[in-house]
Amino acid sequence: MKRLQNEIGSLVNRGMDRHLRLAVTGLSRSGKTAFITAFVNQLLNINNGARLPLFSAVREERLLGVKRIPQKDFGIPRFTYDEGLASLYGTPPSWPTPTRGVSEIQLALRFRSNDSLLRHFTNHSTLYLEIVDYPGEWLLDLPMLEQSYLDWSHQMNSVRQGERAEWAKPWLELCKKCDPLGPIDENMLAAIAEEYSNYLIRCKQEGLHFIQPGRFVLPGELAGAPVLQFFPWPEIDAKNQAKLAQADKKTNFGMLRARYNYYCQHIVKGFYKDHFMKFDRQIVLVDCLQPLNNGPQAFNDMRLALTQLMQSFHYGQRTVLRRLFSPCIDKLMFAASKADHITPDQHANLVSLLQQLVHEAWQNAAFEGISMDCVGLASVQATDSGIVETPNGKVPALKGSRLEDGEPLTVYPGEVPAKLPEPKFWQQQGFHFDEFRPKPMSVDSPLPHIRLDAVMEFLLGDKLR
């Protein structure tokens with residue numbers, strides 16, 4: 001009878017959906033690497049003091065154990081989990097190194113089902129969880145797949161306003177020397193592409209997010225390759241658009257178009273097909289705080305980047321057939337990261353602001369009928385909250401160590417706007433976000449967090465029932 005139960009249990013597990021591929025999505029510096037490190041750390045410590053009261057499988061003591069297992073794709077580097085922990089538990093502690101390439105980690109979650117039918121056939125089940133990490137810069141290239149070179153040039157020209165216009169002057173001056181319909185001058189194209197890359201790097205340094213192509217600021221193994229030696233043509237009007245559209249392959253414009261098309265088809269599309277077409281669940285991490293520091297241009301730039309980005313994913317309710325032949329994302333969570341960098345009384349405002357930021361993306365996903373949620377979280381809690389005395393009375397404050405030098409810092413960052421900021425918010429500069437380094441922690445204790453258990457329940461809870 002026991003043997004029959006085991007055989008039936010094995011058959012049930014094979015027929016059930018016991019494999020989950022999680023997309024941890026976010027723009028550059030949104031905290032993806034820290035999130036994955038903390039997410040894995042909590043799961044591996046469920047029997048060693050992990051604080052996960054909102055995660056039902058742990059609260060009900062049905063999650064029996066979690067372990068790391070070898071990933072299936074031998075051609076993708078493993079996620080730097082151990083290196084990330086060494087940084088967080090180091091002396092002094094520091095944040096994990098940002099992602100510079102694609103990596104994966106796979107876990108096996110052994111659990112006891114609370115389904116009355118399944119309990120008759122098997123003592124336990126296993127959920128295999130794959131998590132993928134990748135540079136946020138590369139993610140921004142996905143919308144380019146839907147654009148021609150002319151369309152993309154139009155869009156890049158339209159966002160070149162305000163400070164962007166000033167930073168763009170060096171590469172725009174070089175463009176004046178380049179005849180788009182003249183014979184190919186590879187040295188000139190390479191020189192202009194280099195200045196365009198410098199312009200994108202400056203945009204990133206100044207806190208902007210809508211940066212295309214993303215690999216120009218993080219080229220990896222493509223550094224110096226002709227595929228990264230193109231740029232948007234800066235002057236396209238009704239008079240010259242027809243001529244440019246018919247430009248010969250032997251012209252400068254024709255070469256730029258060819259390189260753009262190659263980049264989209266071989267670099268961006270390959271990245272998308274290999275990593276994004278098989279996701280089951282998605283969490284989108286958004287750092288709302290840094291753009292509030294950097295002003296309206298940075299804030300609006302992030303909003304545009306998020307809207308463009310979310311159009312690149314497939315959403316829909318999952319069925320057995322769709323799971324096998326047409327994978328899609330059936331659960332989507334938006335998370336405002338670094339919630340520990342503001343006082344607890346501002347957490348509700350942070351979530352409200354995030355909901356405003358992702359409204360268009362939320363509407364698109366809601367149309368497909370998928371399950372969605374919004375949360376404020378801190379993957380690794382770096383501060384303690386409390387009350388301090390001031391001449392004006394008691395006020396909430398944060399206590400932590402300043403990122404740059406580790407000096408103790410007690411601050412009240414200010415009020416986070418609950419809605420998209422109005423002009424008077426920027427004029428008053430009512431918010432100042434300080435960056436903190438991680439707290440010193442005992443290496444044998446799980447990482448401290450805020451609401452990571454709520455995230456786990458939303459993304460994994462129904463798969464562990």
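Sequential numbering from 1 along the given sequence is applied to the chain's residues.
In terms of the salt bridge (Lys or Arg N to Asp or Glu O under 4.0 Å) criterion, residue partners of Arg62 (sequence neighbours excluded) are, by chain and number, Glu60. Taking Glu407 as the reference, Arg402, Asp405 meet the side chain to side chain contact (heavy atoms under 4.5 Å, CB included) condition, with sequence neighbours excluded. Every residue two or more places apart in sequence or in another chain that forms a ring-ring contact (aromatic ring centres under 6.0 Å, His included) with Phe271 is listed here: Trp138, His275, Phe276. Under the salt bridge (Lys or Arg N to Asp or Glu O under 4.0 Å) criterion, Lys338 pairs with Asp287, not counting sequence neighbours. When the salt bridge (Lys or Arg N to Asp or Glu O under 4.0 Å) test is applied to Glu206, the partners found at least two apart in sequence or on another chain are Arg202. Partners of Phe35 according to the ring-ring contact (aromatic ring centres under 6.0 Å, His included) rule, which considers only residues two or more places apart in sequence or in another chain, are Phe39. Scanning for salt bridge (Lys or Arg N to Asp or Glu O under 4.0 Å) contacts around Glu173 gives Lys176, with sequence neighbours left out. For Glu457, the side chain to side chain donor-acceptor pair (under 3.5 Å) criterion is met by Ser56, not counting sequence neighbours.
Residues Gln42 and Met456 meet the side-chain proximity criterion, which asks for heavy atoms closer than 4.5 Å. A 4.5 Å side-chain heavy-atom check between Val455 and Ser379 finds every atom pair outside the cut-off. Here the side chains of Val388 and Val395 are in contact, with some heavy-atom distance below 4.5 Å. Here the side chains of Gln346 and Pro413 are not in contact, with every heavy-atom distance at 4.5 Å or above. The shortest distance between side-chain heavy atoms of Val66 and Phe111 does not fall below 4.5 Å. Asp384 places none of its side-chain heavy atoms less than 4.5 Å from the side chain of Leu398. Looking at heavy atoms from C-beta onward, Asp340 lies in side-chain contact with Gln381 at the 4.5 angstrom threshold. A heavy-atom distance below 4.5 Å is not found between the side chains of Leu20 and Leu22.
Minimum interatomic distance between Ala454 and Met333 (heavy atoms only, all atoms of both residues): O-CE, 4.5 Å. When every heavy atom of Ile236 is checked against every heavy atom of Leu150, the shortest pair comes out as CD1-CD2, 3.5 Å. Considering every non-hydrogen atom in both Phe231 and Cys175, the closest pair reads CE1-SG, 3.8 Å. The minimum heavy-atom distance between Lys32 and Pro135, with the atom names listed, is NZ-C, 4.3 Å. The two atoms that bring Met302 and Pro291 nearest to each other are SD-CG, 3.5 Å, heavy atoms only. The two residues Pro396 and Asp345 make their nearest non-hydrogen contact at CG-OD1, 3.8 Å.
Applying the salt bridge (charged side-chain N to carboxylate O under 4.0 Å, His left out) test to every pair with at least one member in residues 291-313, sequence neighbours left out, gives these pairs: Arg164-Asp301. Listed by first and then second residue, the side-chain hydrogen bond (donor to acceptor under 3.5 Å, both in side chains) pairs that reach into residues 215-235 come to none, sequence neighbours excluded. Pairs passing the salt bridge (charged side-chain N to carboxylate O under 4.0 Å, His left out) check and including a residue from residues 135-153, sequence neighbours excluded, read Glu137-Lys204.
Ser352 places no side-chain N or O within 3.5 Å of a backbone atom of Ala348 that could act as its donor or acceptor partner. Of the possible donor and acceptor atoms, one in the side chain of Ser337 sits under 3.5 Å from a partner among the backbone N and O of Ser30. Judged by distance alone, the side chain of His347 and the main-chain N or O of Ala339 form a donor-acceptor pair under 3.5 Å. When atom types are taken as modelled, the side chain of Thr383 and the backbone of Lys399 share no donor-acceptor pair closer than 3.5 angstrom. Listed for the Tyr260 side chain is no donor-acceptor partner under 3.5 Å among the backbone atoms of Pro232. Checked by atom type and distance alone, the side chain of Ser87 never pairs as donor or acceptor with a backbone atom of Pro96 at under 3.5 Å.
Distance check, rounded to the nearest 0.5 Å: CG of Leu109 to CZ of Arg18 gives 11.0 Å. For the atom pair CG (Leu54) and CZ (Arg451), the distance works out to 9.5 Å, reported to the nearest 0.5 Å. With rounding to the nearest 0.5 angstrom, the CZ atom of Phe216 is 10.0 Å from the CG atom of Leu222. Once rounded to the nearest 0.5 Å, the distance linking CD of Glu435 with CG of Asn293 reads 8.5 Å. Note that the CZ atom of Phe334 and the NE2 atom of His359 stand 11.5 Å from one another [nearest 0.5 Å]. To the nearest 0.5 Å, the span separating CZ on Arg112 from NE2 on His124 amounts to 10.5 Å.
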Discussion item. Quick one, Trp152 with Phe230, criterion ring-ring contact (aromatic ring centres under 6.0 Å, His included). Give me CA distance, side-chain angles, the key distance, then yes/no.
Written reply: CA-CA 12 Å; Trp152 177 71; Phe230 67 91; 5.7 Å; yes
Practice prompt. For Phe425 and Phe299, run ring-ring contact (aromatic ring centres under 6.0 Å, His included): C-alpha distance rounded to whole Å, both residues' side-chain angles, the deciding distance at 0.1 Å, then the answer.
Written response: CA-CA 12 Å; Phe425 173 85; Phe299 191 85; 8.3 Å; no
Practice prompt. Give the C-alpha distance, both sets of side-chain angles, the deciding distance and a yes or no for salt bridge (charged side-chain N to carboxylate O under 4.0 Å, His left out) between Asp453 and Arg51.
Written response: CA-CA 8 Å; Asp453 50 343; Arg51 296 183 299 106; over 6 Å; no
Worksheet entry | Trace of the side-chain hydrogen bond (donor to acceptor under 3.5 Å, both in side chains) decision for Gln155 with Gln147 | CA-CA 10 Å; Gln155 184 177 41; Gln147 296 174 305; 2.8 Å; yes
Item to complete: Give the C-alpha distance, both sets of side-chain angles, the deciding distance and a yes or no for side-chain hydrogen bond (donor to acceptor under 3.5 Å, both in side chains) between Asp330 and Ser371.
Response: CA-CA 7 Å; Asp330 68 338; Ser371 178; over 6 Å; no
Worksheet item: Step by step, would you call Arg110 with Thr126 a side-chain hydrogen bond (donor to acceptor under 3.5 Å, both in side chains)?
Response: CA-CA 4 Å; Arg110 185 66 56 86; Thr126 302; 2.7 Å; yes
I'd like a table of donor-acceptor pairs (distance under 3.5 Å, sequence neighbours excluded) in which one partner is a side-chain atom from residues 77-85, with atom names and distances.
{"from": "Arg78", "atom 1": "NH2", "to": "Glu83", "atom 2": "OE2", "distance (Å)": "3.1"}
{"from": "Tyr81", "atom 1": "OH", "to": "Asn41", "atom 2": "ND2", "distance (Å)": "3.3"}
{"from": "Asp82", "atom 1": "OD1", "to": "Arg68", "atom 2": "NH1", "distance (Å)": "3.2"}
{"from": "Asp82", "atom 1": "OD2", "to": "Arg68", "atom 2": "NH1", "distance (Å)": "3.4"}
{"from": "Asp82", "atom 1": "OD2", "to": "Arg68", "atom 2": "NH2", "distance (Å)": "3.3"}

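Annotation: Trp171 is in aromatic contact with Tyr196 [ring centroid separation under 6.0 Å]. Between His341 and Phe436, a ring centre-to-centre spacing shorter than 6.0 Å is recorded.
The pair Asp280-Lys331 does not meet the salt-bridge criterion, since no charged nitrogen lies less than 4.0 angstrom from a carboxylate oxygen.
Within a 6.0 Å radius of CD in Gln71, other residues, nucleotides and ligands contribute more than 12 heavy atoms.
Tyr134 and Thr25 share a side-chain donor-acceptor pair at under 3.5 Å.
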